[in-house]
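Just so it is clear: chains get the letters A, B, ... in the order the sequence lines come, proteins before strands, and each one is counted from 1.
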Amino acid sequence: MTFIRQGYVTGPLIGVLWSLTVAITVSVVMSFATGEAFRPGGAGILIAGVATGLLALGNRDTTLVATSAVALTGALLLTGLGPVIVGEDVGLRAKVLTLLAVGVAIGYPLSRMLEGCATGALDRHDFEAAVIRFLTAFGYVFFTAIVAIPFYVMVMTSLKSQQALLQNPLDFSLEITRGWGLFRSYFELFGQYNFGRYLMVSLIVSVLTVFITLLFSVPGAYAVARLRFKGRAMMSRSILLIYMVPMIVLALPIYIGFSMAGLRNSIAGILLIYPVTTIPVALYMLQGYFRGLPAEVEEAGLMDGLSRLGVIWKITLPLSLPALASVSLYVFMIAWNEFLLAFMLLDDPSKFTLTRGVKMLDSSEIPRQHLMAGAVISTLPIMALFLGLERFMTKGLTAGSVKG
Amino acid sequence: MVTIPTPPSGTGPLARREARLAWGLLFPTLLSVALVIILPLLAIFWISVKPIELADLRPPSPDIYERLRGNPKAPGDDATLEYRLRNTSPDTPVTGVTLRDRLPEGLTIPQLDPRCTLDGRDLFCDFGTWEPGFRERMQMPVEVTAAFLGSGINVRDSEVSVTGSGASVLFDTNFTTENFARVFDGAEFWSVLGVTLFYTVFGTIGALVVGLMAALILNKDFRGQGVLRGLYLFPYVAPVIAVAFTWVTLFDPFSGSANALLLQMGTITAPINFFGDRPLALIMVTVFEIWRYFPLSFLFILARMQSIDSDMYEAADMDGASPFQQFWYLSVPQLAGILSVLFLLRFIWTFNKFDDIFLLTGGNAGTRTLTVNVYEQAFAISNIGAGAAVAVVIFACLLIFSIFFFRFISREEGL
């Protein structure tokens, strides 16, 4: 271990690892953006990493390091040994952009990572701080990539034409010349495939599910949280237990029961089931919040002549509005994303929910970009809602549910 | 006389009122849960010991088809009113079969079938019991008049109402152990169990570890953190159907971008069928599970980390602890509680997971887990009984897990 904790070992090592990260990232980004040939080159990464790593040791001037890295990358590119090897038919603009991106992305962060490191022996603290700065930077790149790439592919595929997709699966550049034609898949989904209706059905089902769930779970949660009765402890535990019954086990008898009762293929049937799957979750989350509210306020209300129900309505509910918002959002998300029950219980295309509608698009006769457009349509509303109300959602999720 | 005050014993009227109110408030929830969760669970046990196929779900019923034969053109032409009678089930009798129909104006039946009576224009027939596979054409000659021919009415315009029912296989007392025999039969069960365990164990641990790493990295305050955190939750918040199909598109062997990218970078020489080859498909669905659920552990771990007092770290810093030592000796013990609770809960929910694998591979290429097997048996092979038997096996596994879980969580004091 002491061998690694020498500045002239640590610097180049982190330099090479970081250069590798940068080279792969830039190659992938450039490939996805232009559809042309970019790939990381081993020798270039090694040379650029070692050189910049050594230069950055103990150097406070970040601009100098970044400029030298750009110059070095440029020189390597000219000799054909660049950290990113660019295909021959790539335009000059893309080449310059790659050069600048690679140089700056290697030089600037490296000089920050190796800020406190001297050329000689390092103490443990400085060494680990440098490693952690590297890991942090790597983590940002890694996590952003794994989340953003699928999302990017989903949106961009939905805007492509079938022909362009088959020709070059890497090319996600927008064909601006197509104008409104870019959104052809969306027009067709809303025009021919009835997606406007599915959107409405999903919205209505989700909102009603939220209402019914709250209607049932608020009194239940209050009883479990505040009132004393025999079996209270058992009750709050069995809520969690119910939470663990897998949906597929329930779906089979529900399918049979609904087939016999004629409830299959009806929105009413779906509305009978959805709330029950969310009531235990909501009850568990709400009772945790109700317990945290001061009981004295409620007792004061009781003393002043309110009934228990009056207390719930006039005191507890107004105090727990933030919790109600989180629970509503969470329940809305579950109902909106629900797939299994909708898939099993709905066969009639005029009654589909959005997720069931997207599943319908998964057929070899329907082009891929329609499927991806369907995915975007089902994702955007819930993402917009979530990003807008992120604060509530995060709180709500951590408040008492790990359900997935 | 002095009375010695004693504390009240038993439940007083106030306590009883409170308990009544509590049960009253809980009643709607309990009722709905009983109907939609407890009842189906009991049903699963019942079905799992019965020989039921998908087709048996439709109970045997009488089937009647009515038409006028002979194509009469003028009053007095020969014509026959025909009812085709059939028992839809080849192996169950139908009892109490009756038929009610309204004859159109201008149509008379001179010779009624002995089983039928006519009251004004209302025809009523009582057939009693039909044997399994019963089939008959009941024909009655009719006389047509000009009123009927001129009206353009079809005999079928009036709905035939039929009664009669057969015992559904669902409720008889035929039991069998064949469903379980079939489930446990041969090597298939063990391979399914093995796949389930691999998926559950690695999916759970992977999501926890990746979530922990993300939380460690993002536990810093800077502008734009909220947006980035929102972005990192995308895999969890987006509908499973959208992200699963995106992965299928991305990793498609022919037109997928992942293959094109790897080919171009020279990492591989021929396209890889990510979701179609045997060991790889299982790894891919596990990676998908990790990808989809790391945000959840990330969120929980981050919430716990931000509640840890920073004084402790400052003190450790003063004492010369390096960052890794601080992580190992301070953070990890603080996070142990949330990590173990997360592990247990996620373990059970990953075990229960159905949608993800079903949408990615459909359970093919060695990715069939127990939950996918329920669907496979019940709907693909149309053997509802066998599907229910698999569900019972799942339930038994969960019971074992939850006993363990409750022992543990009462010590860990929940979330």
Task: Heavy-atom pair count under 4.5 Å with chain A, highest-scoring of B:Ser322, B:Ala391, B:Pro235, B:Gly256 - done: B:Ser322

So do [Y] and [X] actually touch side chain to side chain, heavy atoms under 4.5 Å?
| X | Y | result |
| --- | --- | --- |
| B:Ile37 | A:Leu250 | yes |
| A:Ile312 | B:Leu25 | yes |
| B:Met265 | A:Val28 | yes |
| A:Pro246 | B:Phe354 | no |
| A:Leu340 | B:Phe358 | no |
| A:Leu252 | B:Ile47 | no |
| B:Ile217 | A:Leu135 | no |

For the atom pair [atom1] ([X]) and [atom2] ([Y]), what is the distance rounded to the nearest 0.5 Å?
| X | Y | atom1 | atom2 | result |
| --- | --- | --- | --- | --- |
| B:Asp355 | A:Phe343 | CG | CZ | 10.5 Å |
| A:Ile239 | B:Thr29 | CD1 | OG1 | 8.5 Å |
| A:Met235 | B:Leu30 | CE | CG | 5.0 Å |
| A:Asn337 | B:Ile241 | CG | CD1 | 10.5 Å |
| A:Leu371 | B:Thr246 | CG | OG1 | 8.0 Å |
| B:Tyr375 | A:Met344 | OH | CE | 6.0 Å |

Heavy-atom cut-off 4.5 Å, strictly under: side chain, backbone, both or neither for [X] against chain A?
| X | value |
| --- | --- |
| B:Ala258 | neither |
| B:Trp46 | neither |
| B:Ile384 | both |
| B:Asn259 | neither |
| B:Leu261 | both |
| B:Val390 | neither |
| B:Val374 | side chain |
| B:Ile394 | side chain |
| B:Phe401 | neither |
| B:Leu231 | both |

Interchain contact, [X] with chain B, by part (heavy-atom threshold 4.5 Å):
| X | result |
| --- | --- |
| A:Val131 | side chain |
| A:Glu36 | backbone |
| A:Leu361 | neither |
| A:Arg226 | backbone |
| A:Phe142 | neither |
| A:Ile146 | both |
| A:Pro275 | neither |
| A:Phe138 | neither |

Open item on the list: Counting heavy-atom pairs under 4.5 Å with chain B, which one of A:Leu283, A:Ile382, A:Ile273, A:Thr144 comes out on top?
Closed with: A:Thr144

TODO: Go through A:Ser31, A:Ala251, A:Ala221 and name the one with the most non-hydrogen pairs under 4.5 angstrom from chain B.
DONE: A:Ser31

TODO: Determine whether more than 12 heavy atoms belonging to other residues, nucleotides or ligands lie under 6.0 Å from atom CZ of B:Phe27.
DONE: no

- [ ] Inspect the surroundings of CG in B:Leu14 and state if more than 12 heavy atoms from other residues, nucleotides or ligands are less than 6.0 Å away.
- [x] no

Closest approach of [X] to [Y] (non-hydrogen atoms, all atoms of both residues):
| X | Y | result |
| --- | --- | --- |
| A:Thr379 | B:Ala242 | OG1-CB, 3.2 Å |
| B:Asn352 | A:Met244 | ND2-O, 2.9 Å |
| A:Pro253 | B:Pro40 | CG-O, 3.3 Å |

TODO: If the plane angle is over 60° it's perpendicular, under 30° parallel, otherwise tilted; pick one for A:Phe229 and B:Trp23.
DONE: perpendicular

Open item on the list: Quick check on the 6.0 Å ring-centre criterion: do A:Phe143 and B:Phe294 meet it?
Closed with: yes

- [ ] Any salt bridge (charged side-chain N to carboxylate O under 4.0 Å, His left out) involving residues 16-30 of chain B? Give me the pairs, sequence neighbours left out, ordered by first then second residue.
- [x] A:Arg228-B:Glu18

Side chains of residues 148-158 of chain A: which donor-acceptor pairs under 3.5 Å do they make with residues two or more places apart or in other chains?
| residue | atom | partner | partner atom | Å |
| --- | --- | --- | --- | --- |
| A:Thr157 | OG1 | A:Val153 | O | 2.5 |
| A:Ser158 | OG | A:Val155 | O | 2.6 |
| A:Ser158 | OG | A:Tyr186 | OH | 2.7 |

